[in-house]
Amino acid sequence: MKITTILSSSCFWLFVLLNSANPCATVFYKGGNEKTEELEDVKRSHFPGGFLFGVATSSYQIEGAILEDGKGLSDWDVFVHKNGNVENGDTGDIATDHYHHYMEDIEMIHSLGVDAYRFSISWPRILPNGKLGDVNAAGIMFYNSIIDNLLVRGIRPFVTIHHGDLPQVLHDRYGGWLSPLIQDDFVHFAETCFKNFGDRVRYWVTINEANLVSEFAYEMGIFPPGHCSPPFGNCSKGNSDTEPLTAMHNMLLAHAKASKLYREQFQPKQGGVIGIVVNAFMYEPLTDDERDKEAANRALAFNVAWNLDPPVFGDYPPEMRRYLRNELPKFTSEERLLIRDSIDFLGLNHYGTLYAKDCTRSSCACSGSACVAGGDRAIRGFVSTTEERDGVLIGEPTGLPICYVVPRGMEELVDYIKNRYHNKPIFITENGYSPPQQEDQLDDLLDDKRIEYHKAYLASLARAMRNGADVRGYFIWTLMDDFEWTLGYGVKFGLCSVDRTTLNRTPRSSAEWYRNFLRKSPSSNNNNNNNNNNNTERRPTFSFI
């Protein structure tokens, strides 16, 4: 983003005067779409006491130790070793070797002064053979040590049970998420986690981004098991029009059964909360035409509400049923009761905003990095997405082809979630910035754009909260550079740089900014005391439990 140039000297002095009189100084940004955004100079004190600030990671992306100490193969372990699946032939065999460096990484987390650390449990490290095998004691010991060492430093563990790495044996045995048999396997895995870690974990996420997994693994075929069909891709197997719906259905029921188990057998004694996380883009209409406005709402329904309507309301979005009809799976009456209200909170992983174009009455040709083939098909809601309008990008590019810097999207998304789900508690479980790869080489440790990004998105989040949204926390993705799925190690989201040869971790300037941001308030580290700053009077101190 570029700060708008102030050309006139008189305008300049007016700008200085206004900001010197305002304790919440503002800066002005102009996005790539020529929309000027006014953003607060955000401070920690703009958020209430008890609000969790943290960093996030996931097991496959950082742990390495692919077959060490009894761990089994994950689907990603197998997928990355097939030619062409990952850029540069990168794998997660070593990743950042967190398995052997976790104490160093915990110290790094502690040095930031965060309240919480979101991480995930590797399913094949705990249950290499699924429910038909024994629990791997070494895996339990590893995560127990992480949890204990976080707690002794005053950092709350925020644990995701499943973040993408499925035991390969479950694919081989019955087809993974395409089979209802996986529901019981997942419940067994979740129960193992609740039994072994739940006495110290108060925040649980069942499944991370079921909507993205369904789309990438079973529609586009770029995640394991690599299923797709034309026009989405040319995989050796799969049906892109139906398999994503089946996979999502099984993930949602697996979540619901695990949530029921937790609430009935563990929550009363352990006192925690349980939720689910969705990959949540914001969508804006490409034009002022009513059909594009409807398309933007439909895009939200087919992506965000697809994942969140069932665990809140007990059924899929009516927008999806209208277009997918009988292709969309149905919950039985018992299943609707099981899944309805099965979350205490919802988590949003937010990385960008895109334009949406209606494809119900015209063919949508796919162009641009943010366009996915098949916009004129029911599985995508007859919506095409794009990153530009009239040749102008919606925001500054990042290291991910589909992600652009659009801070207002955070406020718009949170407002949408607040209104659709009756202001259910929200955590921003991931938000992060990776520089375009050509810029990444200029100076790896001075990452001013990452700092600007988080300031802008936090200011947007603060506005949504002032408008009444019940947001409870914000987690930066990510602690350190990691294995970014099919993009390998070329995309860097880390507050800390990781040398690929030595695996040495070095904090970037954004890490220092985050540390200073969190230290500028007495409530910045793991306490629930009232913050007396006048800027917090709109939002009370809270604790989830």
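FYI, the numbering just counts along the sequence from 1.
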Examine [X] together with [Y] and report whether their ring centres are nearer than 6.0 Å.
| X | Y | value |
| --- | --- | --- |
| Phe331 | His249 | yes |
| Phe53 | Phe517 | yes |
| Tyr323 | Phe382 | yes |

Exercise. Run the numbers on Tyr457 and His350 for side chain to side chain donor-acceptor pair (under 3.5 Å), then give the verdict.
Key: CA-CA 10 Å; Tyr457 274 79; His350 178 60; 4.8 Å; no
[X]/[Y] ion pair, N-O < 4.0 Å:
| X | Y | result |
| --- | --- | --- |
| Lys330 | Asp315 | no |
| Glu319 | Arg420 | yes |
| Arg380 | Glu219 | yes |
| Glu411 | Lys418 | no |
| Glu294 | Arg291 | no |

Taking the side chain as everything from C-beta on, heavy atoms only, tell me whether [X] gets closer than 4.5 Å to [Y].
| X | Y | result |
| --- | --- | --- |
| Thr192 | Leu127 | yes |
| Lys257 | Leu338 | yes |
| Ile417 | Leu308 | yes |

Will you find, in the side chains of [X] and [Y], an N or O donor that is under 3.5 Å from an N or O acceptor?
| X | Y | result |
| --- | --- | --- |
| Asp292 | Thr287 | yes |
| Tyr117 | Thr57 | yes |
| Glu63 | His98 | no |
| Asp309 | Tyr421 | yes |
| Tyr416 | Asn297 | no |
| Asp358 | Thr360 | yes |

Using atom types as modelled and distance alone, determine if a side-chain donor or acceptor of [X] lies under 3.5 Å from a backbone N or O of [Y].
| X | Y | answer |
| --- | --- | --- |
| Tyr453 | Gly432 | yes |
| Ser240 | Phe232 | no |
| Tyr262 | Gly272 | yes |
| Asp344 | Gly275 | no |
| Thr398 | Leu400 | yes |
| Asn423 | Asp470 | yes |
| Ser214 | Ala210 | yes |
| Asn211 | Asn279 | yes |
| Asn303 | Ala299 | yes |
| His171 | Gln168 | no |

Self-check item: side-chain contact (heavy atoms from CB on, under 4.5 Å) evaluation trace for Lys357 with Cys364
Solution: CA-CA 8 Å; Lys357 180 182 184 300; Cys364 287; 3.9 Å; yes
Quiz item: Between His422 and Phe313, is a ring pair (Phe, Tyr, Trp, His ring centres under 6.0 Å) present by the stated rule, with each step listed?
Solution: CA-CA 11 Å; His422 311 307; Phe313 302 128; 5.8 Å; yes
From [atom1] ([X]) to [atom2] ([Y]), nearest 0.5 Å:
| X | Y | atom1 | atom2 | result |
| --- | --- | --- | --- | --- |
| Asp199 | Asn196 | CG | CG | 9.0 Å |
| Ile394 | Arg408 | CD1 | CZ | 5.5 Å |
| Ile276 | Leu346 | CD1 | CG | 10.0 Å |
| Arg472 | Ile428 | CZ | CD1 | 13.0 Å |
| Phe281 | Leu212 | CZ | CG | 8.5 Å |
| Ile147 | Ile155 | CD1 | CD1 | 13.0 Å |

Quiz item: Taking everything shown except Arg200 itself, do over 12 heavy atoms lie less than 6.0 Å from its CZ?
Solution: yes
Quiz item: Considering residues, nucleotides and ligands other than Lys131, do more than 12 of their heavy atoms fall under 6.0 Å from its NZ?
Solution: yes
Where is the tightest heavy-atom contact between [X] and [Y], given as atom of each residue plus distance?
| X | Y | value |
| --- | --- | --- |
| Phe47 | Ala462 | CZ-CB, 4.0 Å |
| Phe302 | Ile379 | CD2-O, 3.6 Å |
| Ala217 | Pro224 | CB-O, 3.2 Å |
| Thr486 | Ile222 | CG2-O, 3.0 Å |
| Gln267 | Val273 | NE2-CA, 3.9 Å |
| Ala56 | Thr478 | O-OG1, 2.6 Å |

Exercise. Decide side-chain contact (heavy atoms from CB on, under 4.5 Å) for Leu479 and Leu112; before the verdict, give the C-alpha distance in whole Å, the side-chain angles of both, and the deciding distance to 0.1 Å.
Key: CA-CA 10 Å; Leu479 171 65; Leu112 295 173; 4.1 Å; yes
Quiz item: Applying the ring-ring contact (aromatic ring centres under 6.0 Å, His included) test to Tyr60, which of Phe223, Phe79, Trp123, Phe483 qualifies?
Solution: Phe483
Practice problem: Could you please spell out the steps behind the side-chain contact (heavy atoms from CB on, under 4.5 Å) verdict for Thr353 and Glu284? | Solution: CA-CA 7 Å; Thr353 299; Glu284 297 179 352; 3.9 Å; yes
Self-check item: Aromatic plane relationship, Phe266 with Phe194 - under 30° parallel, 30 to 60° tilted, over 60° perpendicular
Solution: tilted
Practice problem: For the pair Tyr351 and Trp477, evaluate ring pair (Phe, Tyr, Trp, His ring centres under 6.0 Å) and give the outcome as yes or no after the intermediate values. | Solution: CA-CA 10 Å; Tyr351 289 95; Trp477 184 270; 7.4 Å; no
Exercise. Could you go through the ring pair (Phe, Tyr, Trp, His ring centres under 6.0 Å) check for Phe427 and Phe158 one step at a time?
Key: CA-CA 11 Å; Phe427 286 92; Phe158 197 107; 5.1 Å; yes
Quiz item: Is there a side chain to side chain donor-acceptor pair (under 3.5 Å) between Asn208 and Thr160 once you walk through the steps?
Solution: CA-CA 7 Å; Asn208 182 76; Thr160 302; 5.4 Å; no
Quiz item: Can Arg463 and Val414 be said to form a side-chain contact (heavy atoms from CB on, under 4.5 Å), step by step?
Solution: CA-CA 10 Å; Arg463 288 198 303 273; Val414 171; over 6 Å; no
Self-check item: side-chain hydrogen bond (donor to acceptor under 3.5 Å, both in side chains) partner of Asp165, chosen from Ser74, Ser120, Ser58, Ser59
Solution: Ser59
